[in-house]
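This structure is in structure tokens; I'll ask about it shortly.
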Amino acid sequence: MKTSSLLPSVLIGGVASARSMTPMAALAAARLAHRPTPGRLVLLNHPVFKFGALAMGVGELLGDKMKSAPDRTVFLGLLARVMSAGIAGAALAPHGRERAGAALAVATAVPLAYLTLSGRKKAMARLGQTRSGLIEDLLVVSAGAAIVAAVVGRGR
């Protein structure tokens, strides 16, 4: 098995670093479209997961623009990133490599959360909270959708 087969897991960890719920929402959308992921996770087939993940993804996008939104590096923010990246990394990993995919996604998401926060703070100083957040949303949601679509589109 090539190491590059775990690249989607690493990339989705990068997405989770900026938007913790986007990886889960992207997976939920794929499952709602009846597109299986290579990693076998029964959790992803449950309707509560699918609709809950979509709702949480939208809620995070809206909440991020609020002045009271906490930094992504607070304990609960990092915990959400660990959980989301781990599940998404496992789902996008080849069957039988789910644990490695989860580990790589988490190992990417946590340190990058600090880098993406730094970048966002710089963007906020120049563009304001809402504008910088919308730009970040566009980039991160597009990346998450593209990564998941590329993997589930292969029909593994």
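FYI, side chains are in, hydrogens and waters are out, and symmetry mates aren't considered; it's all heavy atoms of this structure.
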(message) With rounding to the nearest 0.5 angstrom, report the CZ to CG distance, R120 to L115.
(response)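 Rounded to the nearest 0.5 Å, the CZ-CG separation comes out at 15.5 Å.
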(message) Please evaluate residues D71 and K121 with respect to the criterion side chain to side chain contact (heavy atoms under 4.5 Å, CB included), reporting the C-alpha separation (whole Å), side-chain torsions for both, the decisive distance (0.1 Å), and the verdict.
(response) CA-CA 10 Å; D71 285 347; K121 285 182 175 182; 3.4 Å; yes
(message) For R72, is there an ion pair with E136 - N to carboxylate O distance below 4.0 angstrom?
(response)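 Yes, this pair counts.
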(request) Can you see which heavy atom on V152 is nearest to which on R35, and at what distance? (result) O-NH2, 3.2 Å
(message) So does A80 get a backbone contact from the side chain of S84, meaning a donor-acceptor N/O pair under 3.5 Å?
(response)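 No: the side chain of S84 does not pair with the backbone of A80.
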(request) Consider only side-chain heavy atoms of I, L, V, M, F, W and Y, link residues closer than 4.5 Å, and tell whether V141 and M21 are in one cluster. (result) no
(message) Less than 4.5 Å apart, side chain to side chain, heavy atoms only: is that true for P94 and R97?
(response)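 Counting from C-beta outward, P94 and R97 do come under 4.5 Å.
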(request) Rounded to the nearest 0.5 Å, what's the gap from CG on L134 to CG on L139? Could you check? (result) 11.0 Å
(request) Give a yes or no on this: more than 12 heavy atoms of other residues, nucleotides or ligands lie within 6.0 Å of atom CE of M83. (result) no
(request) Please answer whether the main-chain N or O of A90 pairs with a side-chain N or O of R99 as donor and acceptor at a distance below 3.5 Å. (result)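 Such a contact is absent between R99 side chain and A90 backbone.
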(request) Would you name the heavy atoms of L78 and T73 that are closest together and state the gap between them? (result) CD1-O, 3.4 Å
(request) Would you give the length of the straight line joining atom CE of M56 to atom CZ of F49, rounded to the nearest 0.5 angstrom? (result)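 Answer for the CE-CZ pair, M56 versus F49, is 10.0 Å.
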(request) Would you indicate whether the side-chain heavy atoms of L27 and L92 approach each other to under 4.5 Å? (result)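 In contact.
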(request) Kindly give the heavy-atom pair with the smallest separation between L112 and G14, and that separation in Å. (result) CD1-CA, 3.9 Å
(message) With a 4.0 Å cut-off on N to O distance, would you call R19 and E60 a salt bridge?
(response)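 Answer for the salt bridge query: no.
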(message) To the closest 0.5 Å, what do you measure between CG (L11) and CG (L104)?
(response)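 Atom-to-atom, L11:CG and L104:CG are 11.0 Å apart.
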(message) Using side-chain heavy atoms (C-beta onward) and a distance below 4.5 Å, is P38 in contact with V151?
(response) yes
(message) Tell me whether T116 contacts the main-chain N or O of S17 through its side chain, where contact means a donor paired with an acceptor under 3.5 Å.
(response)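 Answer holds: yes.
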(request) Kindly compute the distance separating CG (L54) from CE (M24), expressed to the nearest 0.5 Å. (result)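 Reported to 0.5 Å precision, the distance equals 10.5 Å.
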(message) Quick check for you: to the nearest 0.5 Å, what is the distance between S9 atom OG and E98 atom CD?
(response)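 Output value for this atom pair is 9.5 Å.
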(request) Please check if V10 and V106 belong to a single hydrophobic cluster, counting links between Ile, Leu, Val, Met, Phe, Trp and Tyr side chain heavy atoms closer than 4.5 Å. (result) no
(message) Minimum heavy-atom separation for A109 and A16, please, with both atom names.
(response) CB-CB, 4.1 Å
(message) Please find the pair of heavy atoms, one from G13 and one from A85, that lie closest to each other, and give the distance.
(response) CA-CB, 4.3 Å
(request) Mind listing the closest non-hydrogen atom pair of G39 and R31 along with its distance? (result)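 That would be O-NH2, 4.0 Å.
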